[in-house]
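Worksheet for the structure shown next.
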Amino acid sequence: MTKRVVVVEDNELNLKLFCDLLRVHGFETEPVRDAREAVARARAFVPDLIITDIQLPHMSGLELIGRLKLDAKLRHIPIMAVTAYVGREDEERIRAAGANAYVTKPISVVRFVEEVRALLPRQAEETADAALAG
């Protein structure tokens with residue numbers, strides 16, 4: 001079964017890059033440009049993973065993570081934060097907000113995919129099985 005990922009990113013190029021990378025690796029994506037819509041879109045899409053930028057207009061990624069963790073339907077979904085912040089205190093603050101993984105920009109494509117697969121290990125196994133079978 002295809003894993004579903006909501007990607008919250010206001011930068012159009014980054015949003016396209018993240019979604020394209022995920023699709024190439026067998027994920028179904030739901031791009032969200034405005035964090036104010038993210039909770040409702042995630043509730044409708046029912047993702048297996050949520051990826052969010054931290055620096056967003058209107059609502060920070062930290063605030064979005066907090067809202068996702070307060071929602072009974074979404075709180076169990078792992079969250080991967082993607083940000084230009086690189087300090088140790090930044091990572092600690094992002095993880096304390098509820099992010100399960102943290103990737104810095106500019107992203108390493110390999111690291112990005114590794115982090116996604118680490119959060120969704122069954123997807124990696126299914127992809128490997130399909131590659132062996134096909």
Side-chain angles (χ1 to χ4, degrees):
M1 183 154 159
T2 301
K3 296 292 183 181
R4 299 160 65 91
V5 182
V6 166
V7 180
V8 184
E9 170 64 71
D10 63 308
N11 179 292
E12 199 66 39
L13 290 175
N14 287 339
L15 184 64
K16 181 175 177 6
L17 171 65
F18 299 159
C19 289
D20 287 351
L21 270 172
L22 291 164
R23 285 186 201 113
V24 163
H25 286 89
F27 297 94
E28 183 178 344
T29 62
E30 174 73 8
V32 179
R33 288 167 190 78
D34 190 330
R36 296 172 296 186
E37 300 173 8
V39 172
R41 298 272 295 278
R43 285 181 66 83
F45 187 69
V46 192
D48 299 290
L49 173 66
I50 298 169
I51 298 174
T52 184
D53 188 12
I54 294 301
Q55 292 179 285
L56 296 165
H58 313 296
M59 176 192 309
S60 76
L62 293 176
E63 185 179 346
L64 173 58
I65 291 169
R67 289 184 182 192
L68 292 165
K69 293 299 179 181
L70 287 173
D71 188 295
K73 186 175 179 182
L74 303 173
R75 72 171 46 115
H76 71 282
I77 298 170
I79 298 171
M80 184 170 90
V82 181
T83 185
Y85 297 137
V86 294
R88 171 157 295 290
E89 63 281 351
D90 295 318
E91 181 176 358
E92 290 169 0
R93 187 170 44 93
I94 291 166
R95 287 188 182 274
N100 303 85
Y102 171 89
V103 176
T104 58
K105 293 178 188 176
I107 67 159
S108 154
V109 170
V110 172
R111 171 114 195 275
F112 180 85
V113 173
E114 285 174 350
E115 289 292 337
V116 168
R117 287 193 169 146
L119 292 169
L120 299 171
R122 288 186 309 243
Q123 176 68 30
E125 292 168 15
E126 291 167 7
T127 302
D129 290 346
L132 291 173

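Side-chain atoms of Arg41 come within 3.5 Å of backbone atoms of Pro31 as a donor-acceptor pair (strictly under, hydrogens ignored). Judged by distance alone, the side chain of Arg33 and the main-chain N or O of Val8 form no donor-acceptor pair under 3.5 Å. For Arg23 (side chain) and Thr29 (main-chain N/O), no donor-acceptor pair under 3.5 Å exists by modelled atom type. Side chain of Arg75 to backbone of Leu70: a donor-acceptor contact under 3.5 angstrom is found.
Between Ile54 and Asp90 the shortest side-chain heavy-atom distance does not fall below 4.5 Å. The closest side-chain heavy-atom distance from Leu21 to Ile107 is below 4.5 Å. Side-chain contact between Leu120 and Phe27 is present, with heavy atoms from C-beta onward closer than 4.5 Å. Residues Pro78 and Leu49 form a side-chain contact, since some pair of their non-hydrogen atoms from C-beta on lies under 4.5 Å apart. Using a 4.5 Å cut-off on side-chain heavy atoms (C-beta onward), Arg111 and Glu115 make contact.
By the 4.0 Å N-to-carboxylate-O rule, Glu63 lies close enough to Arg67 to be salt-bridged with it. With respect to the salt-bridge test (charged N to carboxylate O, under 4.0 angstrom), the residues Glu89 and Arg93 do not qualify.
Distance check: Asp71 CG to Ile77 CD1 gives 8.5 Å after rounding to the nearest 0.5 Å. Taken to the nearest 0.5 Å, the CE atom of Met80 stands 12.0 Å off from the CD1 atom of Ile50. Note that the CG atom of Leu64 and the NZ atom of Lys69 stand 11.0 Å from one another [nearest 0.5 Å]. How far CG of Leu119 is from NZ of Lys3: 11.5 Å, rounded to the nearest 0.5 Å. Expressed to the nearest 0.5 Å, how far CZ of Arg4 lies from CD of Glu28 amounts to 4.0 Å. Atom CZ of Arg43 and atom CG of Leu68 lie 10.5 Å apart (nearest 0.5 Å).
Phe18 and Lys105 make their closest contact through CZ-CE, 4.5 Å (heavy atoms, listed as atom of the first residue, atom of the second, distance). Minimum interatomic distance between Thr52 and Gly61 (heavy atoms only, all atoms of both residues): OG1-CA, 4.3 Å. Between Gln55 and Asp53, the shortest heavy-atom distance links the atoms O-OD2, 2.9 Å. Minimum interatomic distance between Ala42 and Val6 (heavy atoms only, all atoms of both residues): CA-CG2, 4.1 Å. Between Ala97 and Ile65, the shortest heavy-atom contact is O-CG2, 3.2 Å. For the pair Arg95 and Tyr102, the tightest heavy-atom approach, listed with the atom from each and the gap, is NH2-N, 3.9 Å.
When the side chains of ILVMFWY residues are joined at heavy-atom separations under 4.5 Å, either directly or via intervening members, Val46 and Val7 end up in two distinct hydrophobic clusters.
Surrounding NZ of Lys73 are more than 12 heavy atoms belonging to other residues, nucleotides or ligands, all under 6.0 Å away.
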